[in-house]
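Computed from heavy atoms alone, side chains included, the values below leave out hydrogens, waters and symmetry copies.
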Amino acid sequence: MESNELSSKPTRVDLSSSIFVKLPSKGALSPALLLSIKNAEKHTFPTSERFDFDSELLKRTTNLYCLYTKESGNKPNPILLGYIVFLRTKALTRIHKVCVVESMRGQGIGTYMVTKVLKELKKGGAGQVDLWVDEARVPARALYKNCGFVEKETVLDYYGKGRNGIRMKFEFSESP
């Protein structure tokens, strides 16, 4: 285990006992969760796509939520399952990043987080949400389609030479 990982990860997770929280928060676990998120970011995304949490979270339009569970015991450590970053302004609501910890993928964590954020955004009056996804990230595209997003346009070389980007959009008026 790397020194900045919080704890060993379970093979299966019970989403009903997980905790979905906005960060940073005043809670005692906030610094540990942020460290875990930065570590997951470093291991998941290429350098050119890594999010600068230290500067971006200072902006009032940037929102970070994470999903975690706890180990059992006297001093349970948080186990990061995933995180989602979105930007919200008067004119735009954009999901910037969805990341599920690699060992946790395939358990519905991404769908759970996106659905929770969409519900919050709807309550907050958002009319639509968009995002960009690498054309080659088939599981991510399937996740977004499963959550009601529709592919709207493709931009060649959006992420770099040979890496096309697809803009996807979710309209609250079209959702059931």
- Backbone of Ile166 reached by a side-chain donor or acceptor of Glu151 within 3.5 Å: no
- Message: Could you walk me through whether Arg163 and Asp157 satisfy the side-chain contact (heavy atoms from CB on, under 4.5 Å) test, starting with their C-alpha distance in whole Å, then the side-chain angles of each, then the deciding distance to 0.1 Å, before giving a yes or no?
- Response: CA-CA 5 Å; Arg163 294 185 60 213; Asp157 301 327; over 6 Å; no
- Task: State the OG-CG distance between Ser30 and Leu35, to the nearest 0.5 angstrom.
- Result: 11.0 Å
- Task: Mind checking the OG-NZ spacing from Ser17 to Lys70? Nearest 0.5 Å is all I need.
- Result: 11.0 Å
- Message: Has Thr69 got a side-chain atom pairing as donor or acceptor with Ile79's backbone, closer than 3.5 angstrom?
- Response: no
- Message: Could you tell me if the side chain of Ile19 sits less than 4.5 Å from the side chain of Leu29, heavy atoms only?
- Response: no
- Query: Under the 3.5 angstrom rule, does the side chain of Thr44 hit a backbone N or O of Ala40 as a donor-acceptor pair?
  - Reply: yes
- Can you name the closest pair of heavy atoms from Val133 and Ala140 and give their distance? CG2-CB, 3.8 Å
- Item | Donor-acceptor under 3.5 Å (Ser36 side chain, Leu33 main chain) | no
- Met104 reachable from Phe45 in the ILVMFWY side-chain graph, under 4.5 Å edges: yes
- Query: How far does CZ of Arg141 sit from CD of Glu135, to the nearest 0.5 angstrom?
  - Reply: 5.5 Å
- Message: I want to check a possible cation-pi pair here: Lys97 against Phe86, using under 6.0 Å from ring centre and within 45° of the ring axis as the test.
- Response: no
- Message: Can you list, by chain and residue number, the hydrophobic cluster partners of Tyr158 when the side-chain cut-off is 4.5 Å?
- Response: Trp132, Val155, Tyr159
- Taking side chain as C-beta onward, heavy atoms only, is Arg88 less than 4.5 Å from Thr61? no
- Item | Donor-acceptor pair, side chain of Asp130 and main chain of Gln128, under 3.5 angstrom | no
- Message: Any non-hydrogen side-chain atom of Phe149 less than 4.5 Å from a side-chain atom of Leu143?
- Response: no
- Please check if the side chain of Asn63 supplies one atom and the backbone of Leu87 the other of a donor-acceptor pair under 3.5 Å. no
- Query: If we only count heavy atoms from C-beta on, is the Leu64 to Leu57 side-chain gap below 4.5 Å?
  - Reply: yes
- Query: Could you state the interatomic distance from CD1 (Ile109) to CE (Met113), rounded to the nearest 0.5 Å?
  - Reply: 7.0 Å
- pair Val129-Phe172: side-chain heavy atoms closer than 4.5 Å: yes
- Sub-3.5 Å donor-acceptor pair from the side chain of Arg167 to the main-chain atoms of Leu131, do we have one? no
- Message: For a 4.5 angstrom cut-off between non-hydrogen side-chain atoms, does Leu81 reach Phe20?
- Response: no
- Query: Is the closest basic N to carboxylate O distance between Glu49 and Arg137 below 4.0 Å?
  - Reply: yes
- Task: Rounded to the nearest 0.5 Å, what's the gap from OG1 on Thr89 to CZ on Arg60? Could you check?
- Result: 9.0 Å
- Task: Any chance you could measure Cys147, atom SG, to Leu118, atom CG, to the nearest 0.5 Å?
- Result: 6.5 Å
- Task: Mind listing the closest non-hydrogen atom pair of Thr111 and Thr115 along with its distance?
- Result: O-OG1, 2.8 Å
- Task: Report yes if some heavy atom in the side chain of Ile95 is under 4.5 Å from a heavy atom in the side chain of Val85; otherwise report no.
- Result: no
- Query: At their closest point, which heavy atom of Ser18 faces which heavy atom of Leu67, and how far apart are they?
  - Reply: OG-CD1, 3.3 Å
- Quick one: are Lys169 and Glu171 in side-chain contact, heavy atoms under 4.5 Å? yes
- Set of residues satisfying ring-ring contact (aromatic ring centres under 6.0 Å, His included) with respect to Tyr83, sequence neighbours excluded: Phe53
- Residue pairs involving residues 94-130 (criterion ring pair (Phe, Tyr, Trp, His ring centres under 6.0 Å); sequence neighbours excluded): Phe51-His96
- Message: Taking the basic N atoms (NZ, or NE/NH1/NH2) and the acidic carboxylate oxygens, is any pair closer than 4.0 Å for Lys123 and Glu120?
- Response: no
